[in-house]
K.L.:
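One structure follows; several queries about it will come next.
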Number of protein chains: 2
Amino acid sequence: MNLKQLSHMLSLSQTTVSRALNGYPEVSEETRRRVMDAAKRHGYRPNPSARRLATGKAGMIGYVMPTGASVDMDPHFVEFLSGLGDYARSHDLDLVLSPTAADEEETTYRRIVANKQVDAVYVSSPRPADRRVALLEHLGIPYIVHGRTEGLDFEYPFLDIDNEAAFQEATRLLIQLGHTKVALINGDDSQTFAIHRERGLKKALAASGLKLPAHRLISVAMTEENGYRATRRLLEHDEAPTAIVCSSLFMTLGVVRAIRDLGLSVPADVSLIAHDDVFPWLKPENFSVPLSTTRSSIRAAGARVAERLAARISGLETGPRGEIWPVDLVVRGSIAGAPA
Amino acid sequence: MNLKQLSHMLSLSQTTVSRALNGYPEVSEETRRRVMDAAKRHGYRPNPSARRLATGKAGMIGYVMPTGASVDMDPHFVEFLSGLGDYARSHDLDLVLSPTAADEEETTYRRIVANKQVDAVYVSSPRPADRRVALLEHLGIPYIVHGRTEGLDFEYPFLDIDNEAAFQEATRLLIQLGHTKVALINGDDSQTFAIHRERGLKKALAASGLKLPAHRLISVAMTEENGYRATRRLLEHDEAPTAIVCSSLFMTLGVVRAIRDLGLSVPADVSLIAHDDVFPWLKPENFSVPLSTTRSSIRAAGARVAERLAARISGLETGPRGEIWPVDLVVRGSIAGAPA
DNA sequence: GGCGGAAGCCAAAGCGCTTTGGATTTCTTT
DNA sequence: AAAGAAATCCAAAGCGCTTTGGCTTCCGCC
């Protein structure tokens, strides 16, 4: 069933039918009713390719997905996607993933914009002075950054959580508990979120006249294995920390394993706070010692990004609007006063 | 830069340029060379919407993604996607995710097919007599099922791993080690893979005259928490198993925690074999006791599905071709002879 | 030398939609 | 009752590509 058939069936022109369907005012309410009715009854759906060709609107939001042997997509992505999908579904938006070699991201962005394949895109895992953001700004397509970049000479729209405050808060709590040697096991520090977290932690330390020596800061990809290694390294050092803040629940699995392997225990020997993105399949309260966390649902962020993207597509949202979500600090059994 | 401009610039008709670019024979080699050259030099890329409108080919592969509060997408998906993306990238295929309410999947499939939004789709997490498969067969769009369904009255193309053999093998090994009380912590048994695994395990048991009593079989969503609960239930039973086979590494995290909580140990009290889909961020060798596993890379499966989908799109692969991958059985420290 | 057939190229017709620029009808207004 | 305004509706022109159905050339051959 296409427009032509439908309009013929209604003895109306394609113009009128199209207008009726798209809510243009030049058509009487009665006609509109009739048209919409018939459309629904016959399950008419405008052909997206044709519509896109005519309007340039795609009804899709895009994501340029780096792939390749060396690129590990992490489980965060799928949670984010769930949220995005939740919203997108209710607004008839599809999602296009454009797989790209890491060194061809720019080309891909240019392509999908030039071809009008998508109406908007989102950018994840931004780095400082992220070139993708500059490019998108330049290309003029609606976009939102999930996270933040830094050091760009213009404002941009983003959604981020307050990583700095979260880790500052967490660290402050540890300090109040008497910890002076706090370590940070962070994600890859080429990413802004990691930088922010480090900053927050350092601020809290500094506020109490404490420092974060290099050997107490580890920045690595967030895997269980890396968490394990990092922790061993930390705890086998002369100046071992009595508290660890960890950027990911996955890493924390490794952290806990290392602590146990070393014959130590949580929180008696080491206090632990981790960041929790809220996965249904791995919960901090279910760790052998329930984990204190800074918590923020990455899924909710996905939904919100979709919502804002939709708003931008339809022109409801414009300009460089930044949104920073506060992060919960959830206290559970994994923290205690510093050992004497 | 569009076809018109390019052809004008070459003083050729759009027809000829189009043909030259698409490898049709009615154009001299010299002209073709010239055209291709100019196209490359000016970075000409045919507009996909237009091409799609004209040909009906989309250059995309689709996935209907169930979403909603109650739907938990799991980390397997992202690994599979990575693999798919790896291949898709090298063949200029994009990926469309169509988010759908669980009860509207059929509508969505019909829509994307009717609109020719995608050239092919893949189906994941199939259940027995899966209606989606029947629908796709009926609609006549190229597709591949990742996994298997059962009880359909026609053949269909799929890629699956040999879950039955894998779990049979694993169980046989446990039996050889003297275990007679083997338990299975399985995924949701509405899905075929879970059924196959159960079948494999039962076969191995039966071959030795053993049975799988109901209290030793647990089928639940594959989360850490469920793994924990299941294990407690199993081990607190009078007839507690001495060996557990577990369908997922995530669950196994919970399994190990439960065993420890109960003051038992692996493998002295309980032997453990889990299925490993090969995640970069969680490796079986890094469990406190290295885990024996049945192993098959879900990422590789993703790549292969993409490859076959591409082959189907271009007509190189046809008919109901099934592909079943053998599964490695990797022995590590988590299994030992049954306790006396 | 003329004819048949390749080889090489082109004009134009879609694909299904939106949108511009009227045309027609109906309703007000004076 | 005539004229202007408003309300409806329509024909046709794109959007950028592929593809059908020719139309020229250019050879080779009898």
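The basis for the numbers below is simple: all heavy atoms, side chains too, and nothing from hydrogens, waters or symmetry mates.
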K.L.:
Specify the separation, in whole Å, of atom CD of B:Glu26 and atom C1' of D:dC23.
P.N.:
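Atom CD in B:Glu26 sits about 14 Å away from atom C1' in D:dC23.
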K.L.:
Can you label the angle between the B:Tyr122 ring and the B:Tyr63 ring as parallel, tilted or perpendicular, going by 30° and 60°?
P.N.:
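B:Tyr122 vs B:Tyr63 ring planes: parallel.
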K.L.:
Is the side chain of A:Thr149 donor-acceptor paired with the backbone N or O of A:Asp130 at a distance under 3.5 Å, no angle test?
P.N.:
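Yes; judged by distance alone, with no hydrogens or angles, the pair exists.
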K.L.:
Do you know the tightest heavy-atom contact between B:Asp119 and B:Ala58?
P.N.:
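Heavy atoms of B:Asp119 and B:Ala58 come nearest at OD1-N, 2.6 Å.
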K.L.:
Testing A:Arg41, A:Arg34, A:Lys40, A:Arg33 one by one against A:Asp37 for a salt bridge (Lys or Arg N to Asp or Glu O under 4.0 Å), which residue passes?
P.N.:
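Answer to the salt bridge (Lys or Arg N to Asp or Glu O under 4.0 Å) test with A:Asp37 among A:Arg41, A:Arg34, A:Lys40, A:Arg33: A:Arg41.
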K.L.:
Report yes if the distance between the aromatic ring centroids of A:His146 and A:Phe158 is under 6.0 Å, otherwise no.
P.N.:
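Between A:His146 and A:Phe158, the centre distance exceeds or equals 6.0 Å.
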K.L.:
Measure the distance from CD on B:Gln117 to C1' on C:dG16 and round it to the nearest whole Å.
P.N.:
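The answer, rounded to whole Å, is 14 Å.
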K.L.:
With sequence neighbours left out, what residues match A:Gln191 under side chain to side chain donor-acceptor pair (under 3.5 Å)?
P.N.:
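With sequence neighbours excluded, A:Gln191 shows a side chain to side chain donor-acceptor pair (under 3.5 Å) to no residue whatsoever.
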K.L.:
Which label fits B:Tyr87 and B:His91: parallel for a plane angle under 30°, tilted from 30 to 60°, or perpendicular past 60°?
P.N.:
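Ring orientation of B:Tyr87 relative to B:His91: parallel.
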K.L.:
Checking B:Arg299 side chain against B:Glu79 main chain: does a donor-acceptor pair fall under 3.5 Å?
P.N.:
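Absent.
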K.L.:
Between residues 31-42 of chain A and DNA chain C, which residues have a heavy-atom gap below 4.0 Å?
P.N.:
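The answer is none.
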K.L.:
Are B:Ser49 and D:dG16 close enough that a side-chain N or O sits under 4.0 Å from OP1 or OP2?
P.N.:
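No, outside the criterion.
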K.L.:
Grab the CG-C1' distance between A:Leu3 and C:dT18 for me, whole Å please.
P.N.:
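Nearest whole value for this atom pair: 9 Å.
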K.L.:
Roughly how many Å is it from CG in A:Asn47 to P in C:dG14, rounded to a whole number?
P.N.:
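The answer, rounded to whole Å, is 17 Å.
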K.L.:
For the helix from C:dG1-D:dC30 to C:dT30-D:dA1, what angle separates the axis at the start from the axis at the finish, each from five pairs, in steps of 10°?
P.N.:
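Roughly 50° between the end axes, to the nearest 10°.
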K.L.:
Contacts to DNA chain D from residues 13-24 of chain B, heavy-atom cutoff under 4.0 Å, which residues?
P.N.:
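DNA chain D contact set from residues 13-24 of chain B: B:Gln14, B:Thr15, B:Ser18, B:Arg19, B:Asn22, B:Tyr24.
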K.L.:
Round to a whole Å and report the spacing from CG of B:Leu53 to C1' of D:dT19.
P.N.:
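Going from B:Leu53 (CG) to D:dT19 (C1'), I get 13 Å.
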K.L.:
Are there more than 12 heavy atoms of other residues, nucleotides or ligands under 6.0 Å from atom CD of A:Glu155?
P.N.:
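No, the 6.0 Å shell around CD holds no more than 12 heavy atoms from other groups.
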K.L.:
Going by atom types alone, do A:Thr192 and A:Arg148 pair a side-chain donor with an acceptor below 3.5 Å?
P.N.:
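Their side chains do not contain a donor-acceptor pair, so the 3.5 Å distance test is not met.
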K.L.:
Below 4.0 angstrom, which residues in residues 54-62 of chain A have at least one non-hydrogen atom near DNA chain C?
P.N.:
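Of all residues in residues 54-62 of chain A, the ones placing a heavy atom under 4.0 Å from DNA chain C are A:Ala54, A:Thr55.
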K.L.:
The side chain of A:Ala50 is closest to which nucleotide in this list: C:dG16, C:dC9, D:dC17?
P.N.:
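Taking heavy atoms from C-beta onward, the closest nucleotide is C:dG16.
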K.L.:
Pick base, sugar-phosphate or nothing for B:Ser11, based on heavy-atom distances below 4.0 Å to the nucleic acid.
P.N.:
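Answer is sugar-phosphate: B:Ser11 comes under 4.0 Å of backbone atoms only.
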K.L.:
Taking atom types as modelled and ignoring hydrogens, do the side chains of A:Ser18 and A:Thr15 form a donor-acceptor contact shorter than 3.5 angstrom?
P.N.:
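No, because no side-chain N or O of A:Ser18 sits under 3.5 Å from a partner of the opposite role on A:Thr15.
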K.L.:
For B:Glu104, what residues pass the salt bridge (charged side-chain N to carboxylate O under 4.0 Å, His left out) criterion, not counting sequence neighbours?
P.N.:
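For B:Glu104 there are no salt bridge (charged side-chain N to carboxylate O under 4.0 Å, His left out) partners, ignoring immediate neighbours.
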K.L.:
Any side-chain donor-acceptor pair under 3.5 Å between B:Glu137 and B:Tyr143?
P.N.:
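Yes, B:Tyr143 and B:Glu137 have a side-chain donor paired with an acceptor closer than 3.5 Å.
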K.L.:
Where the side chain of A:Asn47 meets the backbone of A:Ser49, is there a donor-acceptor pair that is under 3.5 Å apart?
P.N.:
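Checked: pair present.
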K.L.:
How close or far is atom P of C:dC17 from atom CZ of A:Arg52, stated in whole angstroms?
P.N.:
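So the two atoms are 13 Å apart, to the nearest Å.
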K.L.:
Rounded to whole Å, how long is the line connecting atom CG of B:Leu6 with atom P of C:dC10?
P.N.:
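About 13 Å, once rounded to whole Å.
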K.L.:
Could you check how far CD of A:Glu30 sits from P of D:dA7, rounded to whole Å?
P.N.:
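Distance, rounded to whole Å: 16 Å.
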